[in-house]
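Down below is the structure, laid out as structure tokens.
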Amino acid sequence: MLKTKILLAAVAVTALASAYGESGLKPDAKTVKAVWRDSMVAKNQAGLDRLNQTALEKACSNASDNVASDTEREQLRQAATNSVVYPADGKFLGDWQRGEAIASNGKGMQWSDDPNKPNGGNCYACHQMSPGEVAYGTVGPSLRNYGMRGRSEAMLKYTWAKIWNPQGYRVCSHMPRFGDAGILDEQQIRDVMAYLFDPNSPVNRK
Amino acid sequence: MLAKSGIAALLRGLSVCSLLFSIAANAQDDPFAEYHEMMGDDNPAIFVIEEGAELWAKPQGPKQASLEQCDLGLGAGVVKGAYAQLPSYFADTKQVMDLEGRLIYCMESLQGRDRADILRKPYSSTGDMGTELEALASYIADQSMGMPIATPQNHPAERAAYAMGEQLFFYRAGPYDFSCATCHRQSDKRIRLQNLPNLTVSAGAGSAYSTWPAYRISQGLVRTMGWRMQNCAKQQRLPQLLPGSEAVVALIEYMSVNGTGTEMAAPGLKR
């Protein structure tokens, strides 16, 4: 009788564990997504389709913050590089003052945000930029004096691509794909570029 | 729905005044430090705690029952120390539940109230006077003040919830590719001026978990752990995360187990 009970308990435990995936208790990606979906409701502009993962998001959803397979990582990096759309007219720089407003604006794409207003870039959430703005985050590197690093064509193209899709340089980067994901449009990226490169931008002044 | 405390309202007004005053007096100073200087260690949450205690004992719903027979994990009606041991597995629902999920269950089962009704507005909007769930969570958390976080990992479902929480934590999605980990996997980082706790290590998870629910000075409201989760998901550009849902419970399980041993200090006082 007691043996049966123990056996039944063991079966129950196994059944529960297997519901969360094969390797011990670790649930598989499909189950994890289902739990997110069942725990959420679509709200305003944030639909449940936002839980669908891109290949990159899937590959980077782990504690190592890296893609283990060299081949897969290189494929993802190449795809990100290929995604970059450079300005057709070759103009990389816009208005730094408009760029500053975009860098300071943290709104955009949240269910509480007005979808009819342009999205912000929220650069200050993670980066130091102008010395006049003390409320900067430290998740990303400081961009103070960024324009002093040079304004060559190569430097402009590098920075444009980094903003458009940072996964082309560091797969699993924490930075959003501002161009590729449609967060900022081409002109907004030009303006942010000007904020970084313009000699008159506070980013490059004392 | 909620009995308004005149004193709490007065204090909220006062907190705004003192903030404005300190900003006007010296814009360079930290308003939070100024607030502390003016208010001492007084936390306006004490009034919300009182409201919560009253609501716990108040007969409500079609069954006109109070929540005093609600089992928060330590037996029916035991509130002392219960919060420090949540989430936990409940045999009656065969689920791991967090405080908010358990309270909603008790409102349904003991008071006969409608789940959709309870969930209509679980968290305040800025400018509101506070919700029932916020008051109850404040009262119950306060009853674990000073006790070490001791989220159980005995039942297989509790261990499964932890494993699920860990995977949810690292799940990247949405137009910004964010996961919880984007902001909460590193120590000593901040967003703007807001320090980010590293929830993957004991110190970070403990200090964060032990201080929710918290009175938010900038909002003049108590915010709960479930609200914090919902707001994080919103900032991740994900859909609206529901109180007491499986994802919230699993994420809280992950965070609280990682913070095991840290003394509870909720309701905390935050910016």
Side-chain angles (χ1 to χ4, degrees), chain A residues 12-13 16-17 19-21 24-29 31-33 35-54 56-63 65 106 108-112 124-126 134-139 167 172-177 181-183, chain B residues 28 89 94 101 119 125 155-186 188-196 200 229-231 233-251:
Chain A
V13 169
L16 207 121
Y20 283 98
L25 285 173
K26 190 183 164 186
D28 61 28
T31 315
V32 176
K33 184 182 171 184
V35 168
W36 270 129
R37 195 189 49 228
D38 294 346
S39 303
M40 289 179 155
V41 288
K43 176 111 173 165
N44 303 333
Q45 55 181 312
L48 291 173
D49 58 333
R50 288 196 178 178
L51 293 168
N52 299 337
Q53 290 180 300
T54 63
L56 184 123
E57 287 171 339
K58 238 178 237 174
C60 294
S61 291
N62 61 64
D65 210 11
M109 290 194 172
Q110 301 174 106
W111 49 253
S112 54
Y124 276 110
C126 298
V134 294
Y136 59 86
T138 57
V139 174
Q167 305 294 338
C172 298
S173 164
H174 297 171
M175 182 167 148
R177 297 165 285 122
I183 301 164
Chain B
Q28 294 300 308
Y89 177 80
K94 297 187 175 60
L119 285 174
S125 308
H155 194 279
E158 291 165 347
R159 296 194 290 273
Y162 180 89
M164 175 55 75
E166 185 173 31
Q167 295 307 305
L168 294 167
F169 184 81
F170 289 108
Y171 189 91
R172 294 184 70 164
Y176 284 47
D177 306 330
F178 287 161
S179 65
C180 306
T182 304
C183 288
H184 295 293
R185 82 194 312 158
Q186 292 170 285
D188 305 319
K189 297 284 181 191
R190 55 175 218 240
I191 289 283
R192 289 281 188 161
L193 291 177
Q194 182 67 54
N195 292 320
L196 298 167
T200 66
M229 294 284 174
Q230 187 179 76
N231 219 253
K234 186 190 81 158
Q235 289 172 309
Q236 278 173 260
R237 272 71 186 173
L238 295 181
Q240 190 171 40
L241 191 53
L242 298 170
S245 62
E246 190 177 352
V248 167
V249 173
L251 285 165

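Numbered from 1 within each chain, the chains take letters A, B, ... in sequence-line order.
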Ignoring hydrogens, what is the shortest heavy-atom contact between [X] and [Y]? Give both atom names and the distance.
{"X": "A:Trp111", "Y": "B:Gln230", "value": "CZ2-CG, 4.4 Å"}
{"X": "A:Arg50", "Y": "B:Ala173", "value": "O-CB, 3.5 Å"}
{"X": "B:Pro175", "Y": "A:Ala181", "value": "O-CB, 3.3 Å"}

Using heavy-atom distances under 4.5 Å, tell me whether [X] contacts chain A through its side chain, its backbone, both, or neither.
{"X": "B:Phe169", "value": "neither"}
{"X": "B:Arg237", "value": "both"}
{"X": "B:Gln236", "value": "neither"}
{"X": "B:Gln167", "value": "both"}
{"X": "B:Asp188", "value": "backbone"}
{"X": "B:Ser179", "value": "neither"}

message: For the interface with chain A, which of B:Glu166, B:Arg190, B:Lys189 has the highest count of heavy-atom pairs at distances below 4.5 Å?
response: B:Arg190
- request: Among the options B:Ala247, B:Ala250, B:Pro239, B:Ser245, pick out the one with the most heavy-atom pairs lying under 4.5 Å from chain A.
  value: B:Pro239
Working to the nearest 0.5 Å, report the span between [atom1] of [X] and [atom2] of [Y].
{"X": "A:Trp36", "Y": "B:Glu246", "atom1": "CH2", "atom2": "CD", "result": "11.5 Å"}
{"X": "B:Asp177", "Y": "A:Cys60", "atom1": "CG", "atom2": "SG", "result": "8.5 Å"}
{"X": "A:Asp65", "Y": "B:Arg185", "atom1": "CG", "atom2": "CZ", "result": "3.5 Å"}
{"X": "A:Ser112", "Y": "B:Asn231", "atom1": "OG", "atom2": "CG", "result": "7.5 Å"}
{"X": "A:Leu51", "Y": "B:Tyr171", "atom1": "CG", "atom2": "OH", "result": "6.0 Å"}
{"X": "B:Tyr176", "Y": "A:Met175", "atom1": "OH", "atom2": "CE", "result": "11.5 Å"}

- prompt: So which of A:Lys43, A:Gln45, A:His174, A:Gln110 has the biggest tally of heavy-atom pairs under 4.5 Å with chain B?
  reply: A:Gln110
task: Just give me the residue among A:Ser39, A:Pro176, A:Gly137, A:Ser61 that pairs up with chain B most often, heavy atom to heavy atom, under 4.5 Å.
output: A:Ser39
query: Is the backbone of A:Ala135 close enough, under 3.5 Å, to the side chain of B:Arg192 for a donor and an acceptor to pair up by distance?
result: yes
